[in-house]
Amino acid sequence: MQKKLEKGTFGYLNRNKIYVWKRAALMLSVPVVIFLAAWLVCKTRENVMTVVAVVGCLPGCNQVVRAILASRYSSINQAFWEQTEAAKGRLPVVYENVFTSYEKNYYVDVIAVCGKEALGYSSDPKLNPEEAAAHIQKMLKSGSYQQQVRIVKDPEIFIRQLKKLADTDPEPVFIRGNDRRPDVTREEMVADVMKAFTL
């Protein structure tokens with residue numbers, strides 16, 4: 001049985017890639033079937049159902065664009081995931097993040113939240129860590145969360161710093177009451193905000 005598609009979990013990007021391609025194929029097959037059925041019945045392509053089929057392709061084409069974008073990214077390897085799980089302790093961790101902006105996308109393999117700090121690791125060779133961290137900070141600030149974000153490019157440094165972060169007690173941060181989810185910590189709320197801004 002396949003696990004539910006949930007952002008921020010290990011394997012999400014690979015499962016999402018399969019899901020969006022299947023959805024694109026399904027959405028494009030409906031207008032093709034309509035077109036072929038109308039052609040068989042009317043014995044000509046020049047009928048109103050051809051227009052319906054052409055217009056019906058638009059949502060499918062939009063889904064193909066999403067599928068192409070999703071195909072650019074792959075899930076992290078299992079060994080690194082296991083290392084992160086062992087090092088994170090009680091900290092909420094969000095995996096396989098593609099943070100989007102108008103100018104570019106930032107791929108961050110994993111990001112952990114501890115108090116007012118967030119520590120991330122990216123395997124993307126083209127990623128500028130300072131630029132990505134500034135974008136994530138700005139994004140969190142728009143959700144009313146002041147976070148100090150750091151992104152590192154070396155997996156060993158990340159695991160070492162994550163262990164150190166997991167062993168420290170963060171300074172207590174005031175959190176406004178949340179009536180809908182009273183059992184959720186501020187760190188988990190920050191992690192949820194980050195998930196909302198990812199692909």
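Both I111 and L127 sit in one connected hydrophobic cluster of ILVMFWY residues. Membership requires side-chain heavy atoms under 4.5 Å apart, directly or through other members. Cluster membership for M27 and V20, using ILVMFWY side-chain heavy atoms within less than 4.5 angstrom, is not shared. By the criterion of side-chain heavy atoms lying less than 4.5 angstrom apart, applied directly or through intervening Ile, Leu, Val, Met, Phe, Trp or Tyr residues, V64 is not grouped with V33; the two fall into different hydrophobic clusters. Taking hydrophobic clusters as Ile, Leu, Val, Met, Phe, Trp and Tyr residues chained together by side-chain heavy-atom distances below 4.5 Å, V32 shares a cluster with W39. Linking Ile, Leu, Val, Met, Phe, Trp and Tyr residues whenever their side-chain heavy atoms come within less than 4.5 Å places V30 and V52 in a single cluster.
In this structure a side-chain-to-backbone donor-acceptor pair under 3.5 Å is present from Q137 to V149. With hydrogens and angles disregarded, a donor-acceptor distance shorter than 3.5 Å links the side chain of S71 to the backbone of A67. E187 places no side-chain N or O within 3.5 Å of a backbone atom of P92 that could act as its donor or acceptor partner. Looking only at distances, no side-chain donor or acceptor of R23 sits under 3.5 Å from a matching main-chain atom of G60. With K43 contributing its side chain and L40 its backbone, the two residues share a donor-acceptor pair below 3.5 Å. With K22 contributing its side chain and K17 its backbone, the two residues share no donor-acceptor pair below 3.5 Å. Formation of a donor-acceptor pair under 3.5 Å by the R186 side chain with backbone atoms of G115 is found in this model. Of the possible polar contacts, none joining the D109 side chain to the I76 backbone as a donor-acceptor pair under 3.5 Å is found.
Between L199 and N105 the shortest side-chain heavy-atom distance does not fall below 4.5 Å. Using a 4.5 Å heavy-atom cutoff, the side chains of I68 and V65 are not in contact. The closest side-chain heavy-atom distance from S74 to N14 is below 4.5 Å. For the pair F197 and S142, the minimum side-chain heavy-atom distance is below 4.5 Å. Side-chain contact between M194 and M139 is present, with heavy atoms from C-beta onward closer than 4.5 Å. The closest side-chain heavy-atom distance from V190 to L140 is below 4.5 Å. Taking the side chain as every heavy atom from C-beta outward, F80 and F158 approach each other to under 4.5 Å. You'll find the side chain of K164 stays beyond 4.5 Å of the side chain of D167, heavy atoms only.
Each of L119, N97, T84 was compared with V110 under the side-chain contact (heavy atoms from CB on, under 4.5 Å) criterion, and only T84 meets it.
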Next on the checklist: Go through it in stages, so that I can follow the logic: the residues are D192 and V94, the test is side-chain contact (heavy atoms from CB on, under 4.5 Å), and I'd like the CA-CA distance, side-chain angles, deciding distance and then a yes or no.
Outcome noted: CA-CA 9 Å; D192 286 347; V94 185; over 6 Å; no
Item to check | Full working for side-chain contact (heavy atoms from CB on, under 4.5 Å) between T100 and T198 | outcome: CA-CA 6 Å; T100 57; T198 61; over 6 Å; no
Checklist entry - When you look at M189 and Y145, which way does the side-chain contact (heavy atoms from CB on, under 4.5 Å) test go after all the steps? => result CA-CA 9 Å; M189 289 171 86; Y145 294 101; 3.4 Å; yes
Checklist entry - Y12 and Y95: side-chain contact (heavy atoms from CB on, under 4.5 Å), yes or no, with the steps? => result CA-CA 8 Å; Y12 168 75; Y95 293 100; over 6 Å; no
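Between G56 and P31 the shortest heavy-atom distance is O-CG, 3.3 Å. When every heavy atom of E6 is checked against every heavy atom of R15, the shortest pair comes out as N-NH2, 4.2 Å. Contact record, Q147 with A118: NE2-N, 4.0 Å, taken as the closest heavy-atom pair. The shortest non-hydrogen separation linking L28 to C61 is CD2-N, 3.9 Å. In terms of heavy atoms, T168 sits closest to R90 at O-NH2, 4.1 Å.
If you take CG on D154 and OG on S122, they are separated by 12.0 Å, rounding to the nearest 0.5 Å. Atom CG of N128 and atom CD1 of I151 lie 10.5 Å apart (nearest 0.5 Å). Of the inter-residue distances, the one linking C114 atom SG with Q161 atom CD reads 12.5 Å to the nearest 0.5 angstrom. A distance of 9.0 Å separates CG of L58 from CG of N62, quoted to the nearest 0.5 Å. To the nearest 0.5 Å, atoms CG (N47) and SG (C42) are separated by 4.5 Å. Note that CD1 of I159 is 9.5 Å distant from OH of Y121, once rounded to the nearest 0.5 Å.
Note: F99 and H135 have perpendicular aromatic rings, judged against thresholds of 30 and 60 degrees for the angle between ring planes.
The residues E96 and K7 are annotated as not salt-bridged, no charged nitrogen and carboxylate oxygen being separated by less than 4.0 angstrom.
For NZ of K153, the number of neighbouring non-hydrogen atoms (other residues, nucleotides, ligands) closer than 6.0 Å is greater than 12. Crowding of W21 atom CH2: a count of heavy atoms from other residues, nucleotides or ligands under 6.0 Å exceeding 12.
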